[in-house]
Protein chains: 2
Amino acid sequence: MPQRSATNKVMLEVVKTACSNCNLRELCMPLGLDHREMEKLDEMVSARHRIRRGEHLYRAGQRFDAIYAIRSGFFKTDVLIEDGRDQVTGFQMTGELLGLDGISTETHSCNAVALEDSEVCVIPFSHLEGLSREIRTLQHHFHKVMSREIVRDHGVMMLLGTMRAEERLAAFLLNLSQRFTARGYSPAEFYLRMTRDEIGSYLGLKLETVSRAFSRFQEEGLIAVQQKYVRILDTAGLKKLMSHQRG
Amino acid sequence: MPQRSATNKVMLEVVKTACSNCNLRELCMPLGLDHREMEKLDEMVSARHRIRRGEHLYRAGQRFDAIYAIRSGFFKTDVLIEDGRDQVTGFQMTGELLGLDGISTETHSCNAVALEDSEVCVIPFSHLEGLSREIRTLQHHFHKVMSREIVRDHGVMMLLGTMRAEERLAAFLLNLSQRFTARGYSPAEFYLRMTRDEIGSYLGLKLETVSRAFSRFQEEGLIAVQQKYVRILDTAGLKKLMSHQRG
DNA sequence: CGGAGACTTGACCCCAATCAATTGCGGTGG
DNA sequence: CCACCGCAATTGATTGGGGTCAAGTCTCCG
């Protein structure tokens, strides 16, 4: 319990931002650590960083030296190639990590942009590797997180390679729903933080196609949608949509 | 130097399959290790495994406990979903690792199939984590390899999300060329180990489309292709193709 | 209240999918 | 050795899903 003293406010601030007291600890890095290990983690994750909506957390080409855990907010990552084309490679929410792509070349290979005012915890990568060598659990957890990212990417490849437009959007909505649920939010009702254009880029579709698919889903009673607000009315219906190649 | 003795032959066999003497050491796990560290790696990577063309190295759903380094041969990985659709998520060649996707859930999330008679080195994962805690260089290298896989996946997402058929095939051929080059083979001439159907699955195209694109490239003098044999005649032309959205 | 950006909707078009026929190739057995 | 089989690949004709272009509506915010 925090001491009642003149330093109370500062204490609270510190407590509030420590991994050991973070309400994301079941989703984020601390998973599975004991008390002593958690303290070491707290030391490592000393810096926090606020990012305003629309600002970059990092840009492709910048030197990599830390990964970031999202404490609050919402991000997108995107890559762009010379001729101007770009693609959103992912949307990240609280408890998820950003920057894993930078490890390989020690240079960030994509851009990370806040889609709403956000706060991230800075995890200096060399410290993380150091602590991983001491704490088995942390090491293993980190490996799992990287692997999960690979599996997720395979899922997106599947989506882009084999699904038609409406299936892609259904998969996208169900995925969002599941992730909001894991964070204690409603599985059926949420605000999209990204534009139709960004959804389209992620799903390999044009914004008009995304918009049409939303409208169709609404006509069919699968969802209620009004701009960024989405309410899922028929989860089973959306799932069924995904398992039919045509029709 | 191997001793001249009755055990000579056995010795040679051991030497031949040790990481420290493997001609892939600049591509594979040993990268950057000193002599002592290399010896420890040799101990860890004790088992080898032969896989015949068409056989599975592992299947989705099987328990994960090792990753595999390809010593010789060629593999594909694919995922399949309930309704029967499947997608090739990658083609792997010598020196590359297989099985990273299994770390996250301790269960393989895709199938790995040999496209020609192959040999892999078995790297028990718990041993690898153990050794990573001892050897900084190995740990860092392993992290880089995982990260590289993530970056590669982003490249594929880009390809699937934004490129048209011919661009995809051009990108695919250039990528193969580059990887063969890194292994000391000709950059301009190689045999494809996979079918048109498998290429198509990987690129999000139907096999007929792949075939047509091959034919078109040949007509335009970019490549010479006869079944599985491919000869790149105009690398610059293929690259140029990739940077034009239409035309 | 006015303007800019986000979104929706419609009409048309094009690239790749689909359907279908044929050719080429490698292995197997008479 | 060659005929045959089955699979892989090529090629053609047609179709359709999503892209493109364009017009209009909604919303947020200064």
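Throughout, protein chains are lettered first and strands after them, A, B, ... in sequence-line order, and every chain is numbered starting at 1.
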(request) For the residue pair S243(B) and E82(A), confirm or rule out a side-chain donor-acceptor distance under 3.5 Å. (result) no

(message) How many whole angstroms separate atom CG of L169(A) from atom C1' of dG18(D)?
(response) 14 Å

(request) Select base, sugar-phosphate, or nothing to describe what G204(B) touches, counting heavy atoms under 4.0 Å on all strands. (result) sugar-phosphate

List, one per line, each side-chain donor-acceptor pair under 3.5 Å for residues 220-231 of chain A, sequence neighbours excluded.
| unit_1 | atom_1 | unit_2 | atom_2 | d |
| --- | --- | --- | --- | --- |
| Y229(A) | OH | E189(A) | OE2 | 2.7 |
| R231(A) | NH1 | E189(A) | OE1 | 3.1 |

(request) Any pair with a residue in residues 110-123 of chain B that passes side-chain hydrogen bond (donor to acceptor under 3.5 Å, both in side chains), sequence neighbours left out, goes on the list, sorted by first then second residue, please. (result) D78(B)-N111(B), E116(B)-R193(B)

(request) Would you mind building the protein contact string for nucleotides 5-13 of chain D? One character per nucleotide, 5' to 3', B for base within reach (heavy atoms under 4.0 Å), S for sugar-phosphate only, - for untouched. (result) ----SBBBB

(message) Is the distance between the ring centroids of Y202(B) and F91(B) under 6.0 Å?
(response) yes

(request) To the nearest Å, give me how far apart CZ (R53(B)) and P (dG26(C)) are. (result) 11 Å

(request) For residues L169(B) and E166(B), determine if any side-chain heavy atom of one lies less than 4.5 Å from a side-chain heavy atom of the other. (result) no

(message) The criterion is salt bridge (charged side-chain N to carboxylate O under 4.0 Å, His left out); which residues satisfy it with E96(A), sequence neighbours excluded?
(response) R179(A), R183(A)

(request) Look at R52(A) together with E55(A) and state whether they make a salt bridge at an N to O cut-off of under 4.0 Å. (result) no

(message) Using whole Å, what does the distance between atom C1' of nucleotide dA17(C) and atom CG of L205(B) come to?
(response) 10 Å

(request) Would you mind reading off the distance between L192(A) atom CG and dC28(D) atom P, rounded to a whole angstrom? (result) 14 Å

(request) Compute the angle between the rotation axes at the two ends of the helix from dC1(C)-dG30(D) to dG30(C)-dC1(D), each taken over five pairs, rounded to 10 degrees. (result) 30°

(request) Just say parallel, tilted or perpendicular for the rings of H108(A) and F64(A), cut-offs at 30° and 60°. (result) perpendicular

(message) For residues 60-70 of chain A, which residue pairs pass the side-chain hydrogen bond (donor to acceptor under 3.5 Å, both in side chains) check, not counting sequence neighbours?
(response) none

(message) If I take atom CZ in residue R216(A) and atom P in nucleotide dG10(C), what distance separates them, rounded to the nearest angstrom?
(response) 12 Å

(message) Output the rounded distance in Å from CG (L203(A)) to C1' (dG19(D)).
(response) 15 Å

(message) Could you tell me how far apart K206(A) (NZ) and dC15(C) (P) are, to the nearest whole angstrom?
(response) 14 Å

(message) I need the CE-P distance between M163(A) and dG17(D), as an integer number of Å.
(response) 17 Å

